[in-house]
Amino acid sequence: MSDPDRVSLAFIWDTASPHFSRRAFMKTMAFASAAGFVAACGGSSKGGTTSAGGSTTPPTFDPKPEAKTLNFYNWTDYIATDTIPNFQKDTGIKVTYDNYSSNDELFAKMRTGGSGFDIIVPTDATLVKMKHAGLVQPLDLSLIPNVKNLDPRFRTAAYDPGNQYSIPWQWGTTGIGFDKTKVGGAVTDWDAFNLPAVSGKSSYLDEARDAFAMALFALKKDPNTLDSGDLDAAEQYLIDLKKKIQKITSDYQDPLKSGQLVMAQAYSGDVFTIQADNAKIEYIIPKSGALSWVDSMAIPKGAAHPKNAEAFMNYILDPKVGAALTNFVNYGSPNKAAEPYINKDILSNPLIYPSPAELAKLPFQKDLGEDELAYSDRWDKVKTA
Amino acid sequence: MKGNLLLLPASVWFALLLVIPLLIIVEYSLGKRGVIDPVHFTWSHLRFANYKDALDPDRLPIFVRSIEYAAISTFACVLLGFPLAYWIARFGGRFRNVYLVLVVIPFLTSYLIRIYAWQVILQDNGLLNRLSGDLGLGSHHVFLNHAFAVNLGLTYGFLPFMILPLYASIERMDVALVEASYDLGHGKISTFFRVILPTVSPGLVAGVLLVFIPAVGDFVTPSLLGGVRTQMIGSTIADQFGGSQNWPLGSAMSVLLMLFILAGVFVYLRRVGEEAL
Amino acid sequence: MSHKSALRPRYLKLHAVLVFAFLFLPIGVLVFFSFNNARSGTDFTGFSTKWYSDLIHNHQALQAFRNTLKVAIAATVIATVIGTLASFALTRFKFRGRSAYSTLIFVSLVMPEVVMGVSLLAFYANIAHMKLGLTTVILAHTTFCIAFVVVVVNARLASFDNRLVEAAADLGATPIQTFLRVVLPLAAPGIAAGAMLAFTISLDDVVITFFTSGPGSTTLPLYIFSSLKFGVSPSINALSTFVLVFSLFLLALGGLFSARSAKRGVTAVDVNALG
């Protein structure tokens, strides 16, 4: 039902929108009209299926060849040192590499206006929002034959079935990182934040859905629930927990390493990186469950070098390149064909590659569409409290 | 006429890069929020409710705290900055410019690195606690992620904004006036209030404004040095554009913050009698 | 007479030393850790200069540093010129709409950074249709720098004695001569102070830069902010130390500047005497 080109037009300069505003400078207020369009689609995003994913619109081709450049916008310290140099050597495409540090920042920037980047690496939930808002364009999979190397789990995932918009980069879980010598007890589940030794020395993530998922898992509820009773309970849980922690932050890595924090809600690979410097730091996937996430490469709408971007995606899906990446960043690789080249200690680590039984307890964040505001509002209350 | 000509560049610049963005924010503040699209604005449905939400009494403590922290750090900047600026201007001799640049040099390294260095100093096993332990004052004080660290960070970050304007106005103070005051039998305190203060007051006013105003809305300092109980209004506004996904509310809060500060500034300027600003 | 001064130089000097110590304390920490053997900002494990040699190969950091300098210099120069001109007009002429100007200046000081960043990006992308890059960052920085220049120069020019200008005119000076030889020297310390402030705030900005930058225009603060997750890397400390040493070197050259501005001061006094 969706026509990505229409969304994009609406986003840039939609004079056809019913909400076309009268004043010259106001009509450029892009999202107003795009929001009108999405609203007109009638809550298409409800129920967790991805509406925009059904698009069959072929990507538009530029008749003239692309300049040999690629503007890559990625998370910090999230690439092997030789990934880009080797790609440049192989293809002659010059890569400009810039970094961002949060999905919120990336999303706020992408939806306010064009950015000039050819590849971005949003996390699954943000990718879905970007699809809905028409901020990313469909991929030409014929230029990415290596897509066959992907683990089937990532070819059919609900956030982007059939990889129409994205190629996964790395994946992991959101659990607990802690200093085993300082927590004064066993850490197996989310209730570890109540250990007396941890009081005033812990943190949880400054991400609404991640924090709520922790509370909902701890309360044995669905981490993607829309039940207002459950959400109220989770809100109260987070407000109560806030009194026992030191900080709500996503920059927990260095404080955890230095001992300023002894426990933090954390992303798996981050903790493994800390471990290299401080062997006392451990990571667990809590017993009652945790969220999985996957960061995926996507091409922003209107990118100048989509074919170079697709060439890069194909390159990353090469078994050896993908393995080198995982060996460097310590996250799980979505690349099945890369596994023979991945270090054995990563492959055999159940915290990076959980067993199928474990995986069942590690759902992805569900796309809630506009209903996500139920989380946002409560998150605001948690932060204000 | 000439005045207009001098103002032309600033006028064009502000019209394009300040007034238009300001109008965009006002527009946002009257729109409807969304997840997929942050703001949904229509002329027929202006949502003034955002302003009502912005005045939610639950947020009052955060606002009061912002004013409090900004006031404390402004006061600390005056205490630290005034004597220094005075000393440089009057007794710096031919090294005055060197001292002045020395004030600025720490600020040529990135703000984030300086704040990070403060984290190292203030953390639980940091330099300050070790020093305090060596002095027998106990080594288990909690500084980082609490009010002390935020106030210290703000004071540190804005100190040059106090020193430089103060210097610029003290430097033109007429020393003969100070000495005449003594010759007329006025004491130190009397001379300070009757001669020195009036001359340097434009610089002091400018310094107070340049420290207080940006400090109220600051959000990088509280987010790096503060904890769960030190949230400031700038962070709350930033949250609306991030995790709380409420751009209209964030915009309305900003508009109200700007109006409130402007009103305060004008009352302040009237009281101190600085019309030129 | 100075022994009678309300603010005794001896105590003032002690105070100055303490304030300078406060200002340089974190700088000392970062210089110290730039020689740390380990990649840690908290534990000193041994002396090493490897981060300095690493720095030469850290193209991303060096590129970011170059961008920062370009942006800060351009924004400072433009904002200083525009702000100084505006300040002359605001302090010397009475005209309608003057308070509207003051309002705008304070608005740019008080506008929360996120809000300014988002609204400028909306302006670039949807109204001006500009490609994000160094230019858009420089435009944004100049915008918030102007206010700082105006406020500082105003403080210097407040209660400016117009008789000086009249005297110069009486002596046959053209308006341009008057401006260059009377007004400008009087305002110079204020202009220099304003420019220094503008330079430091441009050098420090993260939030507005994030929203207004495009591919290849990452500045150093932005680079550091995005790598803060794992703590400031010692190579960033090394870079900062390098910048510090370089600026101290420039400061040594600053003796020259002192001498020149002292000369300008004499010019102003001469005219003063004539008046």
Side-chain angles (χ1 to χ4, degrees), chain B residues 3 6-7 9-10 13-14 17-18 20-21 24-25 80 83-84 86-87 91 94 97-98 101 104-114 116-118 120-121 161 164-165 167-169 171 179 182 188 191-192 202-203 206 209-210 213-214 217 234 237-238 241 254 258 261-262 265 276-277, chain C residues 1 4 6-7 9 12 15-16 19 23-24 26-27 29-30 41-42 82 85-86 88-89 91 93 95 102-104 106-110 112 114-115 118-120 122-123 139 143 151-152 154-156 158 189-190 193 196-197 200 204 220-221 224-225 232 236 240 243-244 247 251 254 257-258:
Chain B
L6 291 171
L7 274 174
W13 201 283
F14 278 155
L17 289 153
L18 192 59
I20 294 180
I24 293 174
I25 287 305
L80 293 176
L84 180 67
Y86 190 86
W87 179 74
F91 304 106
R94 62 197 181 88
N97 288 328
V98 174
V101 177
V104 180
I105 278 190
F107 295 82
L108 297 182
T109 60
S110 177
Y111 174 79
L112 292 161
I113 302 181
R114 294 190 311 268
Y116 192 79
W118 276 116
V120 173
I121 295 166
F161 297 66
L164 292 179
Y167 169 82
S169 63
E171 198 259 356
E179 308 207 327
Y182 289 132
K188 293 171 187 172
T191 301
F192 180 78
L209 293 175
L210 290 185
I213 299 178
I237 290 172
F241 288 86
S254 310
M258 287 190 259
I261 300 292
L262 281 177
V265 164
L277 292 159
Chain C
M1 280 292 181
K4 275 205 260 170
L7 297 157
L12 283 173
H15 180 92
V19 175
L23 286 172
F24 278 87
I27 307 305
V29 170
L30 82 87
T42 46
I82 292 181
L85 293 179
F88 286 154
T91 46
F93 304 100
F95 56 90
S102 314
T103 309
L104 276 184
F106 290 121
V107 161
S108 81
L109 286 179
V110 73
V114 178
V115 172
V118 166
S119 59
L120 276 171
F123 169 73
L139 290 177
T143 306
V151 172
V152 178
N154 272 8
R156 173 78 189 185
M196 277 196 264
L197 275 190
T200 59
D204 274 348
L220 194 60
I224 296 168
F225 192 66
V232 171
I236 294 297
S240 307
V243 173
L244 212 67
S247 14
L251 183 60
F257 175 76
S258 299

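Within every chain, numbering begins at 1; the chains are lettered A, B, ... in the order of the sequence lines, protein sequences first and strands thereafter.
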> Against chain C, label B:Leu17 side chain, backbone, both or neither, depending on which of its atoms sit under 4.5 Å from a heavy atom there.
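The answer is both parts of B:Leu17.
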
> Which residue out of C:Leu244, C:Leu197, C:Val118, C:Leu30 racks up the most heavy-atom pairs below 4.5 Å with chain B?
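Most heavy-atom pairs under 4.5 Å with chain B: C:Leu197.
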
> How long is the span from the CZ atom in B:Phe14 to the OG1 atom in C:Thr103, to the nearest 0.5 Å?
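It is 11.0 Å, given to the nearest 0.5 Å.
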
> Measure the spacing between OG of C:Ser108 and CG of B:Leu18 and express it to the nearest 0.5 Å.
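These two atoms lie 5.5 Å from each other.
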
> With only heavy atoms counted, which part of B:Phe107 is less than 4.5 Å from chain C, the side chain, the backbone, both or neither?
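It is both, since atoms from each part get that close.
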
> For residues C:Pro26 and B:Ala117, report the shortest heavy-atom separation together with the two atoms involved.
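For C:Pro26 versus B:Ala117, the nearest heavy atoms are O-CB, 3.4 Å.
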
> Determine the minimum heavy-atom distance between C:Arg156 and B:Ala168, stating which atoms define it.
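Nearest heavy atoms, C:Arg156 then B:Ala168: NH1-O, 2.8 Å.
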
> Looking only at heavy atoms and a cut-off of under 4.5 Å, which of B:Ala10, B:Gly203, B:Pro106 has the most pairs with chain C?
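Option with the top pair count is B:Pro106.
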
> When rounded to the nearest 0.5 angstrom, what distance separates CG in C:Leu85 from CG in B:Leu7?
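Reported to 0.5 Å precision, the distance equals 9.0 Å.
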
> Do C:Phe106 and B:Ile261 come within less than 4.5 Å of each other through their side chains, counting heavy atoms only?
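In short, these two side chains do not touch, never coming nearer than 4.5 Å.
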
> How close do C:Asp204 and B:Thr109 get, counting heavy atoms only, and between which atoms?
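What the structure gives for the nearest pair is OD1-O, 3.8 Å.
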
> side-chain hydrogen bond (donor to acceptor under 3.5 Å, both in side chains) with C:Thr143: which residues, sequence neighbours excluded?
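By the side-chain hydrogen bond (donor to acceptor under 3.5 Å, both in side chains) rule, C:Thr143 matches B:Trp13.
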
> Quick check for you: among C:Val152, C:Leu220, C:Val115, C:Val107, which has the greatest number of heavy-atom pairs under 4.5 Å with chain B?
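Going by pairs under 4.5 Å, I would pick C:Val115.
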
> Please find the pair of heavy atoms, one from C:Leu120 and one from B:Pro21, that lie closest to each other, and give the distance.
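Looking at all heavy atoms of both residues, the closest pair is CD2-CG, 3.9 Å.
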
> Search all heavy atoms of B:Ser110 against all heavy atoms of C:Ile224 and return the closest pair with its distance.
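Scanning both residues completely, I find the closest heavy atoms to be CB-CD1, 3.7 Å.
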
> Is B:Leu80 close to chain C through its backbone or its side chain, or both, or neither, when contacts mean heavy atoms under 4.5 Å?
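Contact with chain C involves both backbone and side-chain atoms of B:Leu80.
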
> Side chain, backbone, both or neither: which part of C:Val114 has an atom under 4.5 Å from a heavy atom of chain B?
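Side chain only.
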
> Minimum heavy-atom separation for B:Ile24 to C:Ser119, with atom names?
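Smallest heavy-atom distance, with atoms named: CD1-O, 3.8 Å.
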
> Could you tell me the separation between the CZ atom of C:Phe88 and the CG atom of B:Leu6, rounded to the nearest 0.5 Å?
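One finds 8.0 Å between CZ of C:Phe88 and CG of B:Leu6.
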
> In terms of heavy-atom pairs under 4.5 Å with chain B, which of C:Leu23, C:Ile27, C:Val243 leads?
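The residue among C:Leu23, C:Ile27, C:Val243 with the greatest pair count is C:Leu23.
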
> With rounding to the nearest 0.5 Å, note down the distance linking CG in B:Leu209 to CG in C:Asn154.
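Output value for this atom pair is 11.0 Å.
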
> Does any backbone or side-chain atom of B:Phe161 lie under 4.5 Å from a heavy atom of chain C? Answer side chain, backbone, both or neither.
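Its backbone and side chain both get close to chain C.
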
> Applying side-chain contact (heavy atoms from CB on, under 4.5 Å), can you list everything that pairs with B:Val101, at least two apart in sequence or on another chain?
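side-chain contact (heavy atoms from CB on, under 4.5 Å) list for B:Val101, sorted by chain: B:Ile105, C:Met196, C:Leu251.
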
